[in-house]
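Everything on this sheet refers to the single structure shown next.
Residue numbers count from 1 along this sequence.
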Amino acid sequence: MNINDLTIGEAKEIAKIFTNAASSIHTRNIGKYVIVRSRNEGINAGVVVEADETGVVLKDARRIWYHRPANEKTSWYEGVALSGLREGSKLSPPVSEKAIVEDYSITLCTSVAEKSIREFESHAQN
């Protein structure tokens with residue numbers, strides 16, 4: 001096969017293979033409620049609007065300053081993603097949209113965890 005002999009349609013098909021492979025890990029959580037952990041922005045929860053290798057955009061985003069999973073047998077923010085929050089956790093009020101532009105990880109939340117995080121009282125700064 002000579003690359004110079006490819007039709008435009010064939011070139012598009014080849015490009016789609018590489019685009020889908022590179023973006024699928026970032027885009028598969030679009031529309032889902034997640035917890036995002038990043039180096040400088042800490043732990044945030046919200047619905048993924050956009051995601052790629054440079055960052056992620058969340059709507060209805062809440063920063064989780066301090067977290068205690070509802071299920072005491074689980075730990076870290078993964079425990080929060082499974083069972084939600086317990087008294088003593090500290091969250092910001094929701095903001096309509098937040099962009100986190102740095103390395104990040106995404107953890108999918110259960111529906112129980114999403115409800116808990118969305119309804120948890122905002123922590124007031126003293």
- Kindly assign one of parallel, tilted or perpendicular to the pair His123 and Trp65, based on the angle between their ring planes and the thresholds 30° and 60°. perpendicular
- Item | From CD (Glu72) to CZ (Arg86), nearest 0.5 Å | 4.0 Å
- Gap between atom NZ of Lys90 and atom CD of Glu121 - 0.5 Å precision: 12.5 Å
- After noting the C-alpha distance and the side-chain angles of Tyr104 and Arg37, does the key distance pass the side chain to side chain contact (heavy atoms under 4.5 Å, CB included) rule? CA-CA 6 Å; Tyr104 63 95; Arg37 181 179 183 277; over 6 Å; no
- Between Leu91 and Leu82, is there a shared hydrophobic cluster once you connect ILVMFWY residues whose side-chain heavy atoms come closer than 4.5 Å? no
- Task: Could you give me the CA-CA distance, side-chain angles and deciding distance for Val49 and Ile30, then say whether side chain to side chain contact (heavy atoms under 4.5 Å, CB included) is met?
- Result: CA-CA 6 Å; Val49 177; Ile30 291 177; over 6 Å; no
Can you tell if the side chain of [X] reaches within under 4.5 Å of the side chain of [Y], non-hydrogen atoms only?
{"X": "Asp60", "Y": "Arg118", "answer": "yes"}
{"X": "Tyr77", "Y": "Thr107", "answer": "yes"}
{"X": "Lys98", "Y": "Arg63", "answer": "yes"}
{"X": "Val36", "Y": "Ile43", "answer": "no"}
{"X": "Tyr33", "Y": "Leu108", "answer": "no"}

- Are Lys59 and Glu97 within salt-bridge range, i.e. N to O under 4.0 Å? no
- Might you work through the side chain to side chain contact (heavy atoms under 4.5 Å, CB included) test for Leu58 and Val48, ending with a clear yes or no? CA-CA 5 Å; Leu58 300 175; Val48 178; 4.0 Å; yes
- Message: As a quick check of understanding, evaluate side chain to side chain contact (heavy atoms under 4.5 Å, CB included) for Phe120 and Ile64, giving each step before the final call.
- Response: CA-CA 10 Å; Phe120 205 85; Ile64 302 174; over 6 Å; no
If you compare all heavy atoms of [X] against all heavy atoms of [Y], which two are closest, and at what distance to 0.1 Å?
{"X": "Leu85", "Y": "Ser116", "answer": "N-OG, 2.8 Å"}
{"X": "Cys109", "Y": "Val34", "answer": "SG-C, 3.8 Å"}
{"X": "Ser122", "Y": "Pro93", "answer": "OG-CA, 3.1 Å"}
{"X": "Pro69", "Y": "Trp76", "answer": "CG-O, 3.6 Å"}

Checking [X] side chain against [Y] main chain: does a donor-acceptor pair fall under 3.5 Å?
{"X": "Asn44", "Y": "Glu41", "answer": "yes"}
{"X": "Arg62", "Y": "Ser92", "answer": "yes"}
{"X": "Ser89", "Y": "Arg68", "answer": "yes"}
{"X": "Ser83", "Y": "Asn71", "answer": "yes"}

